[in-house]
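What follows is a single structure, written as structure tokens, with notes after it.
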Amino acid sequence: MLVAVALCLLVSASGLSSPASVGSDFADTYSAFAPLYTLYKSYANFLFAGTKIVIPPDLVGACPQLQDDLSTLQVEIITQTDSQRIEQVTRLAHLRQTTDTSCQTYHDTISVLASLTAVDLDTFKQAADDGLFVAISDESKELEKLFSSTLDTYTGNQQWNFAVAFSMRTILTQKDLVKLDSSLSEILLGPADHPYGAGIVPQAVLPQARELAALAGTDLDNTGRQLALSLAREIYDYTMGKR
């Protein structure tokens, strides 16, 4: 009952959010989660391949930022609520609850790991024994399921706006952009053997989308980096209604 009342209040109190704004907030959520996931993958790679363990410099603030971004994302999804999105609202409510619990449970463990000036294997083993890395792995899976199920609620141009806003926001918030993922071309224009039909990619940013797609999968020098960021900004602003 309380959930239903909250949904009604939120929807009546604000305008419906756009697919692009939801995609953008997903990008921020993934960015907030990235230090935790980097820590988990780094330790897993060390165990299985003997690679170097990396402690992300922004690890200590990851949990509070993730909690804030999940809260913002929840508002965005709720203000789009219809019969197709009840599943996403439910998934996100559960994800927020488990995130809050994990952040509280492992607060001290994360703080200790973040404070290490050199990798201490005993500390990492204790963190693993306490369940930190399992919790991060579970969180990653649930976030991916939420993202995929939300993407599937959109079709046509709305799905393009959601996915492209997510991708552009991800590019724009990267601290060291050295290479664009090879999948970016497909996100922007569709598969090479079956490009998007008319009306999917807006004509207003089609030239920018083609130019950015041509950079996908290539190493970026300073000139290429600045071009990619400029194109991503133009496309992102368009999807967010800023131009």
Any heavy-atom pair between the side chains of Leu177 and Leu229 that's under 4.5 Å? yes
Pairing of Asp129 and Lys125 as salt bridge, 4.0 angstrom limit: yes
With sequence neighbours excluded, give me every disulfide bond (SG atoms under 2.5 Å apart) pair touching residues 118-148. none
List for me each residue that meets salt bridge (charged side-chain N to carboxylate O under 4.0 Å, His left out) alongside Asp58, sequence neighbours excluded, and say none if there are none. Lys175
Test item: Thr72 side-chain N/O and Asp68 main-chain N/O as donor-acceptor pair under 3.5 Å: yes
What residue among Ser21, Ser24, Ser18 forms side chain to side chain donor-acceptor pair (under 3.5 Å) with Glu76? Ser21
Counterpart residues, side chain to side chain donor-acceptor pair (under 3.5 Å), relative to Asp25 (two or more places apart): none
Report the distance from atom CG of Leu180 to atom CG of Leu188, rounding to the nearest 0.5 Å. 9.5 Å
With sequence neighbours excluded, residues passing salt bridge (charged side-chain N to carboxylate O under 4.0 Å, His left out) with Asp28: Arg169
Does any pair with a residue in residues 118-137 pass ring pair (Phe, Tyr, Trp, His ring centres under 6.0 Å), and if so which ones, sequence neighbours excluded? Tyr43-Phe124, Tyr43-Phe133
Quick check for you: to the nearest 0.5 Å, what is the distance between Thr29 atom OG1 and Gln65 atom CD? 9.0 Å
If you define the side chain from C-beta out and look only at heavy atoms, does anything of Thr239 sit under 4.5 Å from Trp160? yes
Applying salt bridge (charged side-chain N to carboxylate O under 4.0 Å, His left out) to Asp193 and not counting sequence neighbours gives none
Donor-acceptor pairs under 3.5 angstrom involving side-chain atoms of residues 44-55: please list them, not counting sequence neighbours.
from, atom 1, to, atom 2, distance (Å)
Asn45, ND2, Lys41, O, 3.2
Thr51, OG1, Asn45, O, 3.4

Does any part of the side chain of Thr223, heavy atoms only, come nearer than 4.5 Å to the side chain of Leu227, both counted from C-beta? no
All side chain to side chain donor-acceptor pair (under 3.5 Å) counterparts of Glu139, not counting sequence neighbours: Thr99
Between Phe166 and Phe26, does the ring centroid distance fall short of 6.0 Å? no
Within the 4.5 Å heavy-atom criterion, are Leu113 and Leu132 side-chain neighbours or not? yes
Do any pairs count as a disulfide bond (SG atoms under 2.5 Å apart) and have a residue in residues 88-134, sequence neighbours left out, and if so which ones? Cys63-Cys103
Hphob cluster co-occupancy, Val134 + Leu39, side-chain heavy atoms under 4.5 angstrom: no
Tell me, please, which residues at least two apart from Gln126 pass side chain to side chain donor-acceptor pair (under 3.5 Å). Asp130
Do the non-hydrogen side-chain atoms of Pro202 and Tyr238 ever get within less than 4.5 Å of each other? yes
For Phe162 against Leu151, the heavy-atom pair lying closest together: CD2-CD1, 3.5 Å
For residues 54-75, which residue pairs pass the ring pair (Phe, Tyr, Trp, His ring centres under 6.0 Å) check, not counting sequence neighbours? none
Side-chain contact test, heavy atoms from C-beta onward, threshold under 4.5 Å: evaluate it for Leu184 versus Ile171 and give yes or no. yes
Tell me every residue that passes side chain to side chain donor-acceptor pair (under 3.5 Å) with Glu142, counting only those two or more places apart in sequence or in another chain. none
For the hydrophobic clusters of this structure (ILVMFWY residues joined by side-chain heavy atoms under 4.5 Å, transitively), does one cluster hold both Leu206 and Met240? yes
Is the Tyr30 to Phe33 ring centre distance short of 6.0 Å? no
